[in-house]
Amino acid sequence: MANAQAGGQWYPPEWPGRIRALASGELTPVTPKRAATVMLLKDTGAGPAVHMLRRRTSMAFAGGAYAYPGGGVDPRDDDRHVRWAGPSLDWWADRLGVDRAGAQAIVCAAVRETYEEAGVLLAGPAPDAVVGDTTGADWEADRAALVARELSFAEFLDRRGLVMRSDLLGAWTRWITPEFEQRRYDTWFFVAALPEGQRTRNASTEADRTVWITPREAAGGYDRGELLMMPPTIATLRQLTAYGTAAEALSAAPARDLTPVLASARLVDGKIVLSWPGHDEFTKHIPTGGAPA
């Protein structure tokens with residue numbers, strides 16, 4: 001089970017041992033899997049709110065932590081061309097720092113996971129349209145088939161004659177799970193506005209609660225130790241507090257730096273110093289046999 005240190009920062013108790021094993025050469029880092037997550041926004045009287053879900057406490061990774069809809073890339077996310085609206089695959093490949101196939105897979109994963117976990121679909125019958133209500137029984141059957149990997153995302157779009165709206169996404173940041181973690185992800189974070197006519201719901205088997213909350217409120221809950229979060233989640237929430245509308249956040253996305261954030265651990269005066277470049281608030285000083293400070 002995870003511990004919360006420094007407000008609501010998610011901190012697994014096994015980290016010090018794994019960090020020491022990595023430093024001594026006893027631990028070989030696993031290759032991170034590509035993943036995508038979406039900060040879904042909607043405007044309120046208090047500014048934009050973001051859709052968050054709370055991971056079940058029984059989850060092996062970040063149980064009890066608040067996060068955004070998202071997940072790993074499906075190997076089939078790039079196995080065939082999908083109907084595509086918005087910037088080209090070449091543009092996305094350059095923006096995300098990957099090849100064309102990787103760009104399609106990452107963007108498809110962002111849209112697919114948002115549909116699987118929140119019931120919101122960033123696609124439409126034409127390049128300038130987006131679907132409305134996605135809550136019917138036939139939609140649910142397709143969503144369940146996607147979750148079970150019985151249906152690929154490309155097949156789903158083809159079956160319904162839909163165009164994926166990559167123009168509704170803005171690439172925001174990229175974080176890579178530390179080398180000492182057992183489960184590692186190379187995750188691209190996106191922003192998107194909730195399409196008109198659609199509504200979110202808790203469609204994820206991994207979450208026991210979902211909320212619409214302003215970034216400022218969520219960050220306050222984290223600071224008080226009431227909401228447990230991983231560093232990239234609270235970092236992105238703090239960044240979002242600067243924007244008064246969902247449109248403002250989306251318009252800011254193209255200029256965002258996507259240099260990956262990767263934590264580093266080093267030994268200083270007998271203590272392990274764990275830090276995330278550019279994010280000093282998450283720095284930890286871990287005594288050889290004690291808890292982090």
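Without hydrogens or angle criteria, Arg143 side chain to Glu116 main chain gives a donor-acceptor distance under 3.5 Å. A donor-acceptor distance shorter than 3.5 angstrom exists from the side chain of Arg256 to the backbone of Trp172, with no hydrogens or angles considered. A distance-only check finds no donor-acceptor pair linking the side chain of Thr187 to the backbone of Ala35 [under 3.5 Å]. Checking side-chain atoms of Arg216 against main-chain N and O of Thr241 turns up a donor-acceptor pair under 3.5 Å. A donor-acceptor pair under 3.5 Å links the side-chain atoms of Glu248 to the main chain of Gly244, judged by distance alone. Here the side chain of Arg18 pairs a donor or acceptor atom with the backbone of Phe180 at under 3.5 angstrom. Within the 3.5 Å criterion, the main-chain N or O of Arg76 finds no donor-acceptor partner in the side chain of Ser152. Side-chain N or O atoms of Arg184 include one that pairs as donor or acceptor with a backbone N or O of Val30 at under 3.5 Å. Gln198 contributes a side-chain N or O that, together with a main-chain N or O of Leu121, makes up a donor-acceptor pair within less than 3.5 Å. Judged by distance alone, with hydrogens and angles left aside, the side-chain atoms of Glu113 form no donor-acceptor pair with the main-chain N or O of Ala36 at under 3.5 Å.
The shortest side-chain heavy-atom distance between Pro195 and Val131 does not fall under the 4.5 Å cut-off. Annotation: side chain of Leu40 is not in contact with side chain of Pro69 (no heavy-atom distance under 4.5 Å). Put simply, the side chain of Leu228 does not reach to within 4.5 Å of the side chain of Tyr66, judged on heavy atoms. Side-chain atoms of His279 and Val261, non-hydrogen and from C-beta on, do get closer than 4.5 Å to each other. Residues Ser166 and Trp92 meet the side-chain proximity criterion, which asks for heavy atoms closer than 4.5 Å. Annotation: side chain of Asp77 is in contact with side chain of Arg112 (closest heavy-atom distance under 4.5 Å). Side-chain contact between Pro48 and Asp43 is present, with at least one heavy-atom pair separated by less than 4.5 Å. With a 4.5 Å cut-off on side-chain heavy atoms, Arg34 and Tyr185 do not count as touching.
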Asp142 and Arg159: CA distance, side-chain angles, deciding distance, salt bridge (Lys or Arg N to Asp or Glu O under 4.0 Å) verdict: CA-CA 10 Å; Asp142 278 352; Arg159 175 187 295 184; 2.7 Å; yes

Worked verdict on Thr28 versus Leu22 for side-chain contact (heavy atoms from CB on, under 4.5 Å): CA-CA 7 Å; Thr28 302; Leu22 178 67; over 6 Å; no

Candidate pair Glu181 and Arg183, rule salt bridge (Lys or Arg N to Asp or Glu O under 4.0 Å), full reasoning: CA-CA 6 Å; Glu181 248 297 343; Arg183 295 172 180 81; 5.6 Å; no

Audit row: Val38, Leu169, side-chain contact (heavy atoms from CB on, under 4.5 Å) steps and yes/no: CA-CA 8 Å; Val38 176; Leu169 285 170; 4.2 Å; yes

Stepwise side-chain contact (heavy atoms from CB on, under 4.5 Å) check, Arg174 with Thr259: CA-CA 7 Å; Arg174 179 182 177 186; Thr259 302; over 6 Å; no

Criterion side-chain contact (heavy atoms from CB on, under 4.5 Å) on Gln104 and Val82, from CA distance to verdict: CA-CA 9 Å; Gln104 177 176 311; Val82 299; 4.2 Å; yes

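We find the CH2-CG distance between Trp188 and Leu96 to be 7.0 Å, quoted to the nearest 0.5 Å. In this structure, CZ on Arg199 lies 13.0 Å from CH2 on Trp212, to the nearest 0.5 angstrom. Atoms CG and OG1, from Leu53 and Thr200 in turn, are 10.0 Å apart once rounded to the nearest 0.5 Å. Rounded to the nearest 0.5 angstrom, Arg160 CZ and Asp138 CG are separated by 4.5 Å. Atom-to-atom distance recorded for Met39:CE and Thr233:OG1 is 9.5 Å, nearest 0.5 angstrom. A distance of 8.5 Å separates NZ of Lys284 from CG of Leu274, quoted to the nearest 0.5 Å.
Hydrophobic cluster membership differs between Val163 and Leu146, with clusters built from Ile, Leu, Val, Met, Phe, Trp and Tyr side chains linked at under 4.5 angstrom. Cluster membership for Ile176 and Phe190, using ILVMFWY side-chain heavy atoms within less than 4.5 angstrom, is not shared. Hydrophobic clustering of Ile, Leu, Val, Met, Phe, Trp and Tyr side chains at less than 4.5 Å, counting indirect connections, keeps Val98 apart from Leu262. Under a hydrophobic clustering in which Ile, Leu, Val, Met, Phe, Trp and Tyr are joined whenever their side-chain heavy atoms come within less than 4.5 Å, directly or via other members, Tyr243 and Val191 fall into the same cluster.
Side chain to side chain, Asp133 and Thr135 meet the donor-acceptor criterion of an N or O pair below 3.5 Å. In this structure, a donor-acceptor pair under 3.5 Å is present between the side chains of Thr236 and Tyr68. Side chains of Trp276 and Glu281: no donor on one and acceptor on the other come within 3.5 Å.
Taking the ring centroids of Phe156 and Tyr115, they lie under the 6.0 Å cut-off.
Between Thr283 and Ser275, the shortest heavy-atom distance links the atoms OG1-CB, 3.9 Å. Of all non-hydrogen atoms in Leu258 and Ala171, the two that sit nearest each other are CD1-CB, 3.8 Å. Of all heavy-atom pairs between Leu122 and Ala193, the closest is CD2-O, 4.3 Å. Nearest heavy atom pair, residue Ile19 against residue Ala265, reads CG2-CB, 3.5 Å. Scanning both residues, Ala246 and Leu41, for their nearest heavy atoms gives CB-CB, 3.8 Å. What you find for Ile272 and Pro16 is that their closest heavy atoms are CD1-O, 4.0 Å.
Both tests do not hold together for Arg165 against Trp84: distance to the six-membered ring centre under 6.0 Å, angle to the ring axis within 45°.
Taking the charged nitrogens against the carboxylate oxygens, Asp223 and Arg238 do have a contact shorter than 4.0 Å, which makes a salt bridge. Between Asp90 and Arg100, at least one side-chain N (NZ, or NE/NH1/NH2) sits under 4.0 Å from a carboxylate O, which counts as a salt bridge.
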